[in-house]
Amino acid sequence: MINVTLKDGSVRQYEPGTSVAQVASSLGAGLAKAACAGRVDGVAVDLRTPLEVDCAVEICTFGDPDGRHAFWHTSSHILAQAVLRLYPQAKFAIGPAVENGFYYDFDVTPAFTAEDLAGIEEEMKKIVKEALPIERFFVNAAEAMEIFKDQPYKQELLQKHAAAGQRISLYRQGDFVDLCAGPHLMDTSPVRALKLTSATGAYWHGDSNLAMLSRIYGVAYPKQSELEAYLTMLEEAKKRDHRKLGRELQLFALLEEGPGFPFFLPNGMILKNELLTYWREVHKKAEYSEISTPILLNQQLWLRSGHWDHYKNNMYTTEIDGEPFAVKPMNCPGGMLVYKTQMHSYRELPLRMAELGLVHRHELSGALHGLMRVRAFTQDDAHIFMTREQIIDEIMGVCRLIDEVYSLFGFQYNVELSTMPGDHMGSDEDWEMATEALKKAMEMLDRPYTVNEGDGAFYGPKLDFHLVDAIGRTWQCGTIQLDFQMPERFDLEYTGEDGAKHRPAMIHRVVYGSIERFIGILIEHFAGAFPTWLAPVQVMLVPISEAHHAYAEEVKQQLEAVGIRVEADLRNEKMNYKIREAQLRKIPYMLVMGDKEVLEKTVAVRARKEERGGVKSVEDFMAATVEEITSRAL
RNA sequence: GCUACUGUAGCUCAGCCGGUAGAGCAGCUGAUUCGUAAUCAGCAGGUCAGCAGUUCAAGUCUGCUCAGUAGCUCCA
């Protein structure tokens, strides 16, 4: 007998070969049929995995990651089965569960379009109704090749297994058999609420040199109400889309005349300038100096920096007096030249030079996305030149700076360490040393991070800071890159204590990342209702009728005198109309003024934050608002 | 760049089987002077993304180009 320790700690005995599902069903009616997968000793397993040794078993449901995986994976098989029934000529690639649902890739001609989805969805619902048992079985490589003789993509996948001499795991549900490691549900019936969300293209193996397949995405839940909740969440997310809000709040514009080149409107410019003012304050405190370098520089410089060899495809070029020039895609080479304009002593190090540099990169047209992905953007860059001994301290200093800035906005973030890519400059030893330095700094700060192998910049490894936005997407913003290559290429030097010349080490780093992307994320994070210090208009004055205009003008001058951004709505409109409009513009405060206020020299405050509302003296309102703005309260 | 889709007034959208463009909001003018999310009336707004083609006739059909959307690839 095998001893099985259950989730609650109790121990039961089962015959060898009993499956996790049988354990589950012995624990209570319905469990085995529910949308669930099993875990044995904390490892996700298929429910029918036989128990062979003493173990701890827990049963997971749709609510946890393993349960979802099994549920969505089975959903993708149902999708494939439906496609097999309706499009027998389709070739099957792969169909995994993903973060929010599942997909399956097919090779069909013509490619699937959105119109095809309804029919496939209907067929899927039939398969769910049929409650087909899902059966797992194993074959050898030759048998598998026979089963998939008409499926070139499956055959390609099988070749790896065949070489390794492995037995091949297959799943069958009714007339459909797929190559799959599982886990899956026991049968197709729990997939009650499903929806196919889109039909798109996707490269085979994610490689843009290979064939483009037709991918169908879907979501599925055990209950209709859960599906509806998910769809509602998507609708809510749409409402805070920065492209929509950017237009409505007149923050920025993206016009056909400049694809990927954003225009900042007056309101957006206020927001941007507030961010930059704060940025300069923080950097001054952290002992950075500020420089500015040209946008256009001679091609010779880009050859020297390595950008011409490694980044040419993304660079805009032109010619001046017969000489080739390029628009800068990065600020570093300019920064190197600034360093070289003078001799440097070890006494000056670490030398921190910041630059709000406008860079241009030719991104693929299909990659552009509002302010999040553009072709011209301002990096809040800085280059730190230092001795090797100072590296760890400087990295930690930048980490703390990034944390301080992100915290101000209430952002969560996670950190990734990206290591040496295939296309890189410099020796393996330098890369090793640089990577270790980044790791060491993170360990000393006791910050968690994940490793992203081979994703570093061509000149050095990096720590990437990913902000988590309002709907759970992550965006790469801050980055810290340690670089031994540029100082070498540009022959940078400093004079050491010993009077000899030494090579400084260098860090590239950004905090916001790009001002444009950061603004995009801020818009979605706050759904356009910015904290008062960032709001383009902080206070709207709403006189009830013309008789109160003079008082409104008077209050306006008082507020302006202390630096509050205020507008008076003196249009010939009803108060309700003015309030509605100010509300839609997401202005933090509305001051309503009628006979009563004029007489008492007060204002009736309608505030976005409840606690700031009520009737107040102008002085009290001003003092509280100035405090809120200067403290940059959320 | 690739796959699929979309493009009509500043914005949101209608426009059937091809017969020569329509609404609401915003804007302008006038009336109205009002207590916490839309006062009423009138006026003005469009080379139907662009360029070709089919047709007696194209917003509508076809092709190409441009731009956008969802993904893929790439990335701050």
Side-chain angles (χ1 to χ4, degrees), chain A residues 98 103 105 108 110-117 197-217 238 241 243-244 247-248 250 253-260 311 313-314 329-331 357 359 361-381 418 455 457 462 464-467 475-479 481 508-518 520-521 542-549 571-585 590-597 604-607 613:
Chain A
V98 289
Y103 68 79
D105 285 346
V108 282
F112 289 128
T113 73
E115 274 109 65
D116 300 321
L117 298 183
T197 48
S198 61
T200 72
Y203 298 110
W204 174 232
H205 288 316
D207 184 338
S208 56
N209 297 312
L210 299 178
M212 175 142 299
L213 304 170
S214 185
R215 173 174 296 179
I216 295 178
Y217 279 95
K238 244 189 219 166
D241 189 311
R243 293 166 297 185
K244 175 177 144 69
R247 184 174 52 239
E248 288 172 359
Q250 295 172 35
L254 282 160
L255 307 176
E256 229 175 278
E257 289 80 354
Y311 211 72
N313 289 344
N314 283 343
M330 297 186 194
N331 301 303
V359 298
R361 301 181 183 175
H362 183 73
E363 301 294 346
L364 294 176
S365 58
L368 302 179
H369 178 90
L371 287 184
M372 303 297 202
R373 193 77 184 277
V374 291
R375 284 175 172 160
F377 57 98
T378 306
Q379 291 184 305
D380 61 321
D381 218 336
S418 295
D455 209 35
K462 53 181 187 166
D464 289 325
F465 291 71
H466 296 256
L467 283 185
W475 289 98
Q476 186 182 330
C477 289
T479 174
Q481 311 179 345
H508 314 249
R509 45 107 285 179
V510 289
V511 180
Y512 289 142
S514 106
I515 311 297
E516 287 75 6
R517 174 178 289 183
F518 199 80
I521 296 166
V542 182
I544 288 175
S545 75
E546 222 168 320
H548 317 111
H549 283 193
R571 292 174 305 172
N572 178 12
E573 294 290 351
K574 287 194 157 184
M575 179 193 62
N576 282 340
Y577 181 87
K578 295 178 184 178
I579 286 176
R580 176 183 153 82
E581 194 162 281
Q583 196 82 36
L584 291 173
R585 287 173 64 186
M590 283 170 246
L591 303 186
V592 179
M593 39 196 70
D595 290 342
K596 187 163 171 284
E597 286 75 20
V605 184
R606 183 184 162 114

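Each chain gets a letter, A, B and so on, in the order its sequence line appears, and its residues count up from 1. These numbers come from a predicted model, not from an experiment.
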Nearest-angstrom distance from the residue atom [atom1] of [X] to [atom2] of [N]:
| X | N | atom1 | atom2 | answer |
| --- | --- | --- | --- | --- |
| Asn576(A) | rC40(B) | CG | P | 12 Å |
| Gln250(A) | rA26(B) | CD | P | 14 Å |
| Glu573(A) | rA41(B) | CD | C1' | 14 Å |
| Met372(A) | rA76(B) | CE | C1' | 12 Å |
| His362(A) | rC75(B) | NE2 | C1' | 13 Å |
| Leu213(A) | rU3(B) | CG | P | 12 Å |
| Leu591(A) | rU36(B) | CG | C1' | 13 Å |
| Phe465(A) | rC75(B) | CZ | C1' | 18 Å |

Remember a base hit wins even if backbone is also touched, and classify [X] as base, sugar-phosphate or nothing at under 4.0 Å, heavy atoms.
| X | value |
| --- | --- |
| Val359(A) | nothing |
| Lys462(A) | sugar-phosphate |
| Gln476(A) | sugar-phosphate |
| Val510(A) | nothing |
| Glu597(A) | base |
| Lys596(A) | base |
| Asp464(A) | nothing |
| Gly206(A) | sugar-phosphate |

- Apply side chain to side chain donor-acceptor pair (under 3.5 Å) to Asp116(A) and list each qualifying residue two or more places apart in sequence or on a separate chain.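 With sequence neighbours excluded, Asp116(A) shows a side chain to side chain donor-acceptor pair (under 3.5 Å) to no residue whatsoever.
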- Query: Got a donor-acceptor pair under 3.5 Å from the side chain of Arg361(A) to the base of rC74(B)?
  - Reply: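 There is none.
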- rA76(B) base to Ser514(A) side chain: any donor-acceptor pair below 3.5 Å?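 Indeed, a donor on one side and an acceptor on the other fall under 3.5 Å apart.
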- Under 4.0 Å: is that the gap between some side-chain N or O of Tyr577(A) and OP1 or OP2 of rA26(B)?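 Result: yes.
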- Task: Pick the P atom in rU20(B) and in rC48(B), then give their distance to the nearest Å.
- Result: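 Per the computed distance, 15 Å lies between those P atoms.
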- Message: Using atom P in both nucleotides, what's the gap between rG59(B) and rC2(B) to the nearest angstrom?
- Response: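 Comparing P positions in rG59(B) and rC2(B) gives a spacing of 30 Å.
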For [Y], is there any backbone N or O sitting under 3.5 Å from a side-chain donor or acceptor partner on [X]?
| X | Y | answer |
| --- | --- | --- |
| Arg361(A) | Asn314(A) | no |
| Glu581(A) | Lys578(A) | no |
| Asp380(A) | Gly513(A) | yes |

Mind checking the [atom1]-[atom2] spacing from [X] to [Y]? Nearest 0.5 Å is all I need.
| X | Y | atom1 | atom2 | result |
| --- | --- | --- | --- | --- |
| Thr479(A) | His466(A) | OG1 | NE2 | 8.5 Å |
| Arg585(A) | Met590(A) | CZ | CE | 10.5 Å |
| Asn313(A) | His362(A) | CG | NE2 | 9.5 Å |

- Query: If we ignore angles and hydrogens, is there a donor and acceptor under 3.5 Å between the side chains of Gln476(A) and Arg517(A)?
  - Reply: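 The answer is no; no qualifying pair exists.
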- For RNA chain B, what are the stems built from at least three Watson-Crick or G-U pairs in a row, each pair having both distances below 3.5 Å?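 As far as RNA chain B goes, consecutive pairing (with distances under 3.5 Å) yields the stems B:1-7 with B:66-72, B:10-13 with B:22-25, B:27-31 with B:39-43, B:49-53 with B:61-65.
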Side chain to side chain, [X] and [Y], heavy atoms closer than 4.5 Å:
| X | Y | result |
| --- | --- | --- |
| Thr200(A) | Tyr103(A) | no |
| Gln583(A) | Arg606(A) | yes |
| Phe377(A) | Val359(A) | yes |

- Is the aromatic ring of Phe377(A) within stacking range of rA76(B), meaning centres under 5.5 angstrom and planes under 30 degrees?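 Here Phe377(A) meets both the 5.5 Å and the 30° conditions.
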- Identify, residue by residue, the members of residues 542-549 of chain A with a heavy atom below 4.0 Å from RNA chain B, and return them in order of residue number, or none.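 Heavy-atom cutoff 4.0 Å gives Ile544(A), Ser545(A), Glu546(A).
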- Nearest nucleotide by nearest heavy atom, which residue falls closer to the 5' end of RNA chain B, Met330(A) or Met590(A)?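 Its nearest nucleotide being more 5', the pick is Met590(A).
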- Message: Which is more 5' along RNA chain B, the nucleotide nearest Val605(A) or the one nearest Pro110(A)? Just name the residue.
- Response: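 The residue whose closest nucleotide sits nearer the 5' end is Pro110(A).
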- Query: Is rC48(B) in the syn or the anti form, by the rule that syn lies within 90° of 0?
  - Reply: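 You should classify rC48(B) as anti.
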- Could you list the residues that satisfy salt bridge (Lys or Arg N to Asp or Glu O under 4.0 Å) with Arg243(A), not counting sequence neighbours?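 Listed in chain order: Asp241(A).
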- Task: Specify the closest pair of heavy atoms between Ala199(A) and Phe112(A), including all atoms of both residues, with the distance to one decimal.
- Result: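 Heavy atoms only, the tightest pair is CB-O, 3.8 Å.
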- Going 5' to 3' through nucleotides 60-71 of chain B and flagging B where a protein heavy-atom sits under 4.0 Å of the base, S where only the sugar-phosphate is that close, and - otherwise, we get ------SSSSBB
Protein-nucleotides 11-13 of chain B N/O pairs closer than 3.5 Å?
| unit_1 | atom_1 | unit_2 | atom_2 | d |
| --- | --- | --- | --- | --- |
| rU12(B) | OP1 | Arg247(A) | NH2 | 3.1 |

